[in-house]
Number of protein chains: 2
Amino acid sequence: MTERLLNERDIAFQLYEVLDTEALLQRERYQDHSLEVFAATLDTGRRIAQKYFANHNREGDAHEPTFDGKKVQLIPQTQDAWDAFAEAGFLAAHHDFEDGGMQLPEVILRASMAYFNAANIATTGYPFLSIGAANLIRSFASEALQARFLPPMLEGRFSGTMALTEPGQGSALGDIRTRATPADEGHYLVRGHKMFISGGDHELTENIVHLVLAKIDGAPAGVRGISLFVVPKFLVNDDGSTGARNDVALAGLLHKMGYRNTTSTVLNFGEKDGAIGYLVGEPHKGLQYMFQMMNEARIGVALGAAALGYQGFQYSLDYARQRPQGRLPSNKDPLSKQAFIIEHADVRRMLLAQKSYAEGALSMCLYASALFEDQRTAETPEARRRAAGLLDLLTPIVKSWPSKYCLQANELAIQVLGGSGYIREYPVEQYYRDNRLNPIHEGTEAIHGLDLLGRKVSLNRMAAYDDFKTDVRESLALAARYSETAPFIAPLESALHTLDEVTDSLQCRMGDQIDQGLANATLYLDLFGRIVATWIWLRQAQKAAEGLTRPGISEADAAFYRGKLQAARYYLDWELPQTGPQAELLRQGNSVCFDMQDSWF
Amino acid sequence: MTERLLNERDIAFQLYEVLDTEALLQRERYQDHSLEVFAATLDTGRRIAQKYFANHNREGDAHEPTFDGKKVQLIPQTQDAWDAFAEAGFLAAHHDFEDGGMQLPEVILRASMAYFNAANIATTGYPFLSIGAANLIRSFASEALQARFLPPMLEGRFSGTMALTEPGQGSALGDIRTRATPADEGHYLVRGHKMFISGGDHELTENIVHLVLAKIDGAPAGVRGISLFVVPKFLVNDDGSTGARNDVALAGLLHKMGYRNTTSTVLNFGEKDGAIGYLVGEPHKGLQYMFQMMNEARIGVALGAAALGYQGFQYSLDYARQRPQGRLPSNKDPLSKQAFIIEHADVRRMLLAQKSYAEGALSMCLYASALFEDQRTAETPEARRRAAGLLDLLTPIVKSWPSKYCLQANELAIQVLGGSGYIREYPVEQYYRDNRLNPIHEGTEAIHGLDLLGRKVSLNRMAAYDDFKTDVRESLALAARYSETAPFIAPLESALHTLDEVTDSLQCRMGDQIDQGLANATLYLDLFGRIVATWIWLRQAQKAAEGLTRPGISEADAAFYRGKLQAARYYLDWELPQTGPQAELLRQGNSVCFDMQDSWF
């Protein structure tokens, strides 16, 4: 059984029916492009992903990176993959023409990245991080730093990382201990330990550009004293050539359950003379800058989760279509032909749930990418501001919902395959192991729940929150048009009402006692996420219902739209209603977990 | 951080407070025993588990069994573990004194097995299967077969397997193709292929006794034509010594994501002259016999899932107590001390959820073991019949609920550890990988849902179903006694009512159209499971509330009881209410999944 990479029909549906990607061609930035260019980009991405990434997805898992004390060894196909990605121009795809980029819209780039994630999420980690690091340098570093680091990063000669986490602090960045001491030459000497740094060492590129959070001596305590530094593995000479080794050392590799071909490293900075680092932007604003990369990475992680969910879904679907086993309950004749397992209702449930999670997650991530695009290139400042606000509000959900439910999708893919699901002779167990990292990468649900409820919802007098509701209601206003979408109206309207009630009551409680008020923030995140996901499915259902009315559509298109409608209905009927008991707990301010004492465990 | 094996205080609570294990001493079979004997058995189990099983849990995962075409290689500690288990008498522990056993009650044996599962579920697979195979031979094989195979199995010279599944048939046993042809000497020649046979080959024992399902030439089609055979790896001479190699060959090993130190094998029977097999009991009754072993194994798999859930819970608890990170939302002082992560409300939620799943699952499995005991040794035939009926009804739930929710517990353990959760430098990711097999081992949820709704509930005019409700209502009648248990009354009574309604409506629908009526059986299984689990927690809560009233109890006991009450309340408030939307779907006969068409995917 071949492993199909995503579903091209669905990608086209998301880009050109659910989203109006064609309209981007009207924007000044994209006036030189055409639908053909977008299609060619996606096609190139898919082909390279298939040829250079999918080819070693299993081997990279079976033969994870090793470190002999001097160099990190990766299986050699990783190098070919990196080179092919860079040569095709994907590292620079969204950059300006004048910087050597292709000036492509975000949503096209993200859709292309989905193919790479589907093919081999671990190897894709290297370019994924490099793209984010280059974006950060472009946004905030001085022209001199940009001139030195950006071209080789866009060409693929240098790669990049984000070096935030330290052994003693985890998600709480205010407590980082890495220090930066100003040196006479204008740079800083960086000293400290970083952990879980993905792509933190390897030989794929001439140089690795670490974007390091550290505190300048004498900086304020907490998050307000964090600065951002460029700390390359090798120093770069004025002529651009690679110079001496910087004082950055690989202390060791961590051994992960999934994503194995991405090195996860412990790095020591400055154990000898201090690692030379270059301040990005102003002192003490490092976290603010880093949030750009983190927020991009959050959508990227979610997209990776979606792609893994998608692969598991499609593989288990193909398996269910080919695997005969048992008979329907109504068939008591042991001599009759075995049924294919897709004929068993519970297998269809598991496939439909996977479809709702995976295609819902892909749709959610591409919607977020469109917001990302709009915040930069929408026609009016008001439209840009509105998109930025929505993206900021929804990022915790766009990160968390796909990571949580596409892992569940992979769990269901294993279940569809039965015993074949848990053996390494089949691919779905690896998807599941790979995907287990995503609910932790770029912030756990706990972190995002606190961010959503404690900060994002109330920003700007809840402007983005209100915009979200406006957009959902706009969809609902159109839902009566089709018999297939009309059933969404009452439950989704009621869910919005519940969301308001719950949000109000939690905000009240937080005003009173902040710790109690935020105690169930993860539950709030899931409730809000289910509402967003239902809306994401309503948007797809509307386009599917519309599509079905087109005269003379092909049988394949009709089946595709029917599938969308069924998956949407599944989500509406089977998943949204769980917000009922969730809302009840939140309204009560249920304190069972909050009240639990350490000694009682 | 050491990995504690389960919690001795909890085991004692389950055995002597929730269950009345002491009362077993009144039964004739156990009159020579005492509480000291029970305690010594558990203590021996725990010590051997710690010394000989826990010692290589990770190494067995890292160095899985290999096959060089001749022999299977296991890491050598596996042999020591097998020997220690056998020498301590656990293979024969529940057998009669006169058969060399210790005549121990089921519940004591199961509690001991929980320690082995907690220490190393993969190595425990070998004795676990051997115990089941020996039980089957003792129950149904002729005296001659018993005389030949039972003593070496109880001593640990021979091990056993269950060989059911074949490559082309999976869970549908009626379609097996393995054939048995009568030979002149009174035995049969068995020919066919078996797959996913755990412990199907290894060098731990002189001989391996396969209990094989096969069809005698000319047998009826389907499950009514299945017979059971003893097919040893080596023939056994009349004097008991091991003779020539039988025609059973290892075709290869399967490579699992977890449980790695248990070999999972593909076996070829009779590729040369036919494998010599001995019929167990009567022809065509094999499946009926095998159900004894399967039902025992179902509780055993659930107990293994519970033990893994328990280990992940305790490890993540210890981690949360020692790991400083961040501060409470109310603390804005970046210079203040970091909080331990157990102080964060969402970490307590994840720990409390794990506690409710793991301790709930352990309690559920021991309750089932007590039913197993009662069906054999309760005083009156009526009590034995009643226990057998309840056990039969609840086995699908006792198998499925722990397997599903203790996997979720392990997922939460990873989440508590964050990045440390997904790296192999910490143990929780292995628990998660090991546990992913349990929702498939011994029947998927789909199989058990169909069994529960399609068969078990309606057996004997719903006698067992009614007995279950009677027992829950008996608990509810006592719940008003304590302020901590009173909150269970209304929701659990209402849930029972819902269960009745839903069961009625589904049975109606099944009468009409069996395929539609059974389409949502997995959902019914989960709904019913949540109700059983709530009752299991109510039972514990009652004993905890009672315990708290005992004058002069220790601080440790008081904290233990408070923890039980809090976990019970968590389950009542956070988990039971999800039956609301489930019941609604079942009442509607929601057909979204049933109606989904292959071509729409």
Side-chain angles (χ1 to χ4, degrees), chain A residues 169-172 174-175 196 221-222 254-257 317 325-326 328-330 334-335 338 342 345-346 348-349 351-352 415 418-419 422-425 429 436-437 439-440 444 446 454 514-515 518-519 522 559 562-563 566 569-570 573 577-578 580-581 585 590 592-594 596 598-601, chain B residues 169-172 174-175 196 221-222 254-257 317 325-326 328-330 334-335 338 342 345-346 348-349 351-352 415 418-419 422-425 429 436-437 439-440 444 446 454 514-515 518-519 522 559 562-563 566 569-570 573-574 577-578 580-581 590 592-594 596 598-601:
Chain A
Q169 128 295 340
S171 308
D175 292 313
F196 294 114
L254 299 164
H255 300 88
K256 304 187 296 301
M257 68 184 295
L317 171 61
Q325 191 178 307
L328 298 193
S330 57
L335 293 173
Q338 289 173 302
I342 199 170
D346 196 58
R348 285 201 300 285
R349 174 188 65 81
L351 293 170
L352 198 50
Q415 203 67 11
Y422 60 66
I423 56 175
R424 279 144 38 222
E425 282 77 357
E429 66 86 32
R436 183 60 191 86
L437 278 66
I440 293 170
T444 60
I514 183 79
D515 294 336
L518 284 170
T522 305
R562 291 256 166 252
Q566 203 74 4
R569 189 60 192 265
Y570 167 83
D573 286 4
Q578 293 179 38
L585 286 166
N590 188 289
V592 170
C593 303
F594 186 81
M596 183 69 181
D598 180 338
S599 65
W600 298 353
F601 272 113
Chain B
Q169 127 295 339
S171 308
D175 291 312
F196 294 113
L254 298 165
H255 299 89
K256 305 188 295 301
M257 68 183 296
L317 172 60
Q325 192 177 305
L328 298 193
S330 58
L335 294 171
Q338 289 173 302
I342 197 169
D346 195 59
R348 287 202 299 286
R349 174 188 65 82
L351 293 169
L352 199 50
Q415 202 68 10
Y422 60 66
I423 57 176
R424 277 142 41 220
E425 282 78 357
E429 65 86 32
R436 183 61 192 86
L437 278 66
I440 293 170
T444 59
I514 184 78
D515 295 335
L518 283 169
T522 305
R562 291 258 166 248
Q566 203 73 5
R569 190 60 193 266
Y570 166 83
D573 286 3
W574 287 66
Q578 293 179 36
N590 187 288
V592 170
C593 303
F594 186 83
M596 182 67 182
D598 181 336
S599 64
W600 298 353
F601 271 112

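FYI, side chains are in, hydrogens and waters are out, and symmetry mates aren't considered; it's all heavy atoms of this structure. Chain naming here is simple, since letters A, B, ... match the order of the sequence lines and numbering starts at 1 in each.
- Note on B:Ile514, B:Leu352, B:Leu328: by heavy-atom pairs under 4.5 Å with chain A, the leading option is B:Leu352.
- By number of non-hydrogen pairs under 4.5 angstrom with chain B, the leading residue of A:Ser599, A:Ala559, A:Ala345 is A:Ala559.
- Ranked by heavy-atom pairs under 4.5 Å with chain A, the list B:Gly222, B:Ser330, B:Ala172 is led by B:Ser330.
- Looking at A:Leu518, the atoms closer than 4.5 Å to chain B (heavy atoms on both sides) all sit in the side chain, from C-beta outward.
- To the nearest 0.5 Å, atom CG of residue B:Leu254 and atom OH of residue A:Tyr422 are 8.0 Å apart.
- Proximity to chain B involves both the backbone and the side chain of A:Gln578, based on heavy atoms less than 4.5 angstrom apart.
- Counting only distance, with no hydrogens or angles, the side chain of A:Gln415 and the backbone of B:Ile440 share no donor-acceptor pair below 3.5 Å.
- Annotation: maximal heavy-atom pairing with chain B below 4.5 Å, among A:Leu335, A:Thr444, A:Leu317, occurs at A:Leu317.
- Among B:Asp598, B:Leu351, B:Asp573, the residue making the largest number of heavy-atom pairs under 4.5 Å with chain A is B:Asp598.
- At distances below 3.5 Å, at least one donor-acceptor pair connects side-chain atoms of B:Gln566 with backbone N or O atoms of A:Val592.
- For the set B:Arg436, B:Glu425, B:Met596, B:Gln169, the count of heavy-atom pairs under 4.5 angstrom toward chain A peaks at B:Arg436.
- A donor-acceptor pair under 3.5 Å links the side-chain atoms of A:Arg424 to the main chain of B:Lys256, judged by distance alone.
- Listed here is the closest heavy atom pair of A:Pro334 and B:Asp175: O-OD1, 4.1 Å.
- The parts of A:Leu437 that come within reach of chain B are both its backbone and its side chain, each placing non-hydrogen atoms under 4.5 angstrom from that chain.
- Remark: side-chain polar atoms of A:Arg348 are paired, donor with acceptor, to backbone N or O of B:Cys593 under 3.5 angstrom.
- Ranked by non-hydrogen atom pairs under 4.5 Å with chain A, the options B:Gly326, B:Gly418, B:Gly580 are led by B:Gly418.
- How far OH of A:Tyr570 is from CG of B:Asn590: 10.0 Å, rounded to the nearest 0.5 Å.
- Only the side chain of A:Phe196 comes within contact range of chain B, with at least one heavy atom under 4.5 Å from a heavy atom of that chain.
- Contacts with chain B were tallied for A:Gly419, A:Gly174, A:Ala519; A:Gly419 has the most, counting heavy-atom pairs under 4.5 Å.
- Using a 4.5 Å cut-off between heavy atoms, A:Ile342 contacts chain B through its side chain alone, with no backbone atom that close.
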